[in-house]
Number of protein chains: 2
Amino acid sequence: MSDVFAALANPTRRELLRLLRETGEQPVQRLADHFDMRRPSLSEHLKVLKDAGLVVEQPVGRQRLYSLCPEPLREVADWLSPYERFWRARLADLRDVLDELPDE
Amino acid sequence: MSDVFAALANPTRRELLRLLRETGEQPVQRLADHFDMRRPSLSEHLKVLKDAGLVVEQPVGRQRLYSLCPEPLREVADWLSPYERFWRARLADLRDVLDELPDE
DNA sequence: TTGACCGGTAGGAAATCTCCTACCTATTGT
DNA sequence: ACAATAGGTAGGAGATTTCCTACCGGTCAA
């Protein structure tokens, strides 16, 4: 659980998740093409994501296809949900204030 | 934005947010009571949260009351939303599989 | 005014993160 | 069998995080 938040803390890893979401499962080299970074570093980021349960790998020949595994993100969404009413309340307050302003 | 994810990566800071959400605005010392950690460390965590826009401080006498500022969490929820359909899909798949199983 | 209290800052130690190069294994195609 | 390709691992450098103790300024109460 804590690992999921830690995994999301890094912009490269968030971008990896976005790529996998938008373009589906991909081998490491194709993912690496999108980054100004050496492949071993990408491998490490993928390992962090895998340990957090956010991706799964499937060996195919000499490639390993990585694909998105979004379940842990649901835990993040669940963690987030008790706060939702707060920002809704704030937005409601803002709307009320705006409603009070005279037209211009 | 990146700061918000980084701020959430630490369990102590997530717990601080929870305390502020459940018990409302509080001075530093009262927050520190909940942690096995010296006060200056808590001050640093509060600074990270403040820089991420997740809390605001209000000086009252010699105290500084911290309170939750949940707007940046909305950005996290927005970041999360494109993934929502994925875990819904996975759950739907799971349900389909379970439906296929014979009763026992 | 002076002591006690609240809480931030300075500076440092230890751990962790994030990148690198070098190297290794496994698989594929010739 | 051999060269080329895919990708993980080892080990290390430098940056960052996370804690600490020591200290500082501001506020309150006697």
Side-chain angles (χ1 to χ4, degrees), chain A residues 1-20 23-69 72 76 79, chain B residues 1-20 23-69 72 76 79:
Chain A
M1 173 58 173
S2 169
D3 290 345
V4 178
F5 282 100
L8 297 182
N10 183 283
T12 298
R13 289 194 292 267
R14 290 198 302 276
E15 179 66 8
L16 279 169
L17 293 178
R18 190 190 65 76
L19 282 169
L20 292 175
T23 60
E25 67 177 7
Q26 293 192 48
V28 176
Q29 189 53 60
R30 195 119 59 87
L31 291 169
D33 290 343
H34 293 81
F35 298 89
D36 182 20
M37 187 179 297
R38 304 293 169 185
R39 195 190 33 71
S41 304
L42 256 291
S43 274
E44 283 158 24
H45 283 304
L46 287 167
K47 180 167 162 46
V48 172
L49 291 172
K50 195 176 70 173
D51 290 347
L54 286 162
V55 302
V56 289
E57 64 177 305
Q58 182 195 1
V60 173
R62 59 188 151 180
Q63 302 191 117
R64 301 191 195 181
L65 299 182
Y66 280 85
S67 53
L68 182 65
C69 189
V76 176
W79 180 89
Chain B
M1 174 58 172
S2 170
D3 289 345
V4 178
F5 282 101
L8 296 183
N10 182 283
T12 298
R13 290 195 289 268
R14 290 199 300 276
E15 178 66 7
L16 279 169
L17 292 179
R18 191 191 63 78
L19 283 170
L20 292 175
T23 60
E25 67 177 5
Q26 293 195 48
V28 175
Q29 188 54 60
R30 194 119 61 86
L31 292 168
D33 291 342
H34 293 82
F35 297 90
D36 182 21
M37 186 180 294
R38 305 294 171 184
R39 193 189 33 71
S41 305
L42 255 293
S43 274
E44 282 159 23
H45 283 304
L46 286 168
K47 181 168 162 44
V48 172
L49 290 173
K50 195 176 70 173
D51 290 348
L54 287 163
V55 303
V56 289
E57 65 177 305
Q58 179 195 3
V60 172
R62 58 187 152 180
Q63 303 191 118
R64 300 191 196 181
L65 298 183
Y66 279 85
S67 52
L68 181 64
C69 191
V76 176
W79 180 89

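Letters A, B, ... mirror the listed sequences (proteins, then strands); counts begin at 1. Worth saying up front: this structure is predicted, and the values here are computed from it rather than measured. Computed over heavy atoms, backbone and side chain alike; hydrogens, waters and symmetry mates excluded.
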Rounding to an integer number of Å, can you tell me how far [X] [atom1] sits from [N] [atom2]?
X       : N      : atom1 : atom2 : value
A:Gln58 : D:dG8  : CD    : C1'   : 18 Å
B:Leu46 : C:dC6  : CG    : C1'   : 13 Å
B:Gln63 : D:dG25 : CD    : C1'   : 17 Å
B:Lys47 : D:dT18 : NZ    : P     : 14 Å
A:Leu16 : C:dC19 : CG    : P     : 11 Å

* **Interface residues of residues 32-43 of chain A with DNA chain D (non-hydrogen, below 4.0 angstrom)** => A:Arg39, A:Pro40, A:Ser43

* Structure fact -> side chain to side chain donor-acceptor pair (under 3.5 Å) filter on A:Gln26, not counting sequence neighbours, yields A:Thr23

* Asked: In chain order, what residues pass the side chain to side chain donor-acceptor pair (under 3.5 Å) check against A:Glu15, with sequence neighbours excluded?
  -> A:Arg18

* Structure fact -> Sorted by chain and residue number, the side chain to side chain contact (heavy atoms under 4.5 Å, CB included) partners of B:Gln63 (sequence neighbours excluded) come out as B:Pro27, B:Leu65

* Contacts of type side chain to side chain contact (heavy atoms under 4.5 Å, CB included), residue A:Glu57, not counting sequence neighbours -> A:Lys50, A:Arg64, A:Tyr66

* Asked: Has the side chain of A:Arg13 got a donor or acceptor atom that lies under 3.5 Å from a matching backbone atom of A:Leu8?
  -> no

* Under 4.0 angstrom, heavy atoms only, what part of the nucleic acid is B:Arg13 near: base, sugar-phosphate, or nothing? -> sugar-phosphate

* Of all the choices, D:dA10, C:dG7, C:dG8, which nucleotide is nearest to the side chain of B:Gln29 once you look at every atom? -> C:dG7

* Structure fact -> Here the gap from A:Asp51 atom CG to A:Leu46 atom CG, rounded to the nearest 0.5 Å, amounts to 11.0 Å

* Spacing of B:Leu31 atom CG and B:Leu20 atom CG [to the nearest 0.5 Å] -> 5.5 Å

Are [X] and [N] close enough that a side-chain N or O sits under 4.0 Å from OP1 or OP2?
X       : N      : value
B:Asn10 : D:dT18 : yes
A:Tyr66 : D:dG8  : yes
B:His45 : D:dT17 : no

* To do: Classify every nucleotide of nucleotides 24-29 of chain C by which part a protein heavy atom approaches to under 4.0 Å, writing B for the base, S for the sugar-phosphate alone and - for neither, in 5'-to-3' order.
  => ---BB-

* Structure fact -> Here the pair of heavy atoms bringing A:Ala52 nearest to A:Val4 is O-CG2, 3.9 Å

* Between the side-chain atoms of A:Glu44 and the base atoms of C:dC20, is any donor-acceptor pair under 3.5 Å? -> yes

For residues 32-40 of chain A, dump all side-chain donor-acceptor pairs below 3.5 Å to protein atoms at least two apart in sequence or in another chain.
from: A:Asp33; atom 1: OD1; to: A:Gln29; atom 2: NE2; distance (Å): 3.3
from: A:His34; atom 1: ND1; to: A:Arg30; atom 2: O; distance (Å): 3.2

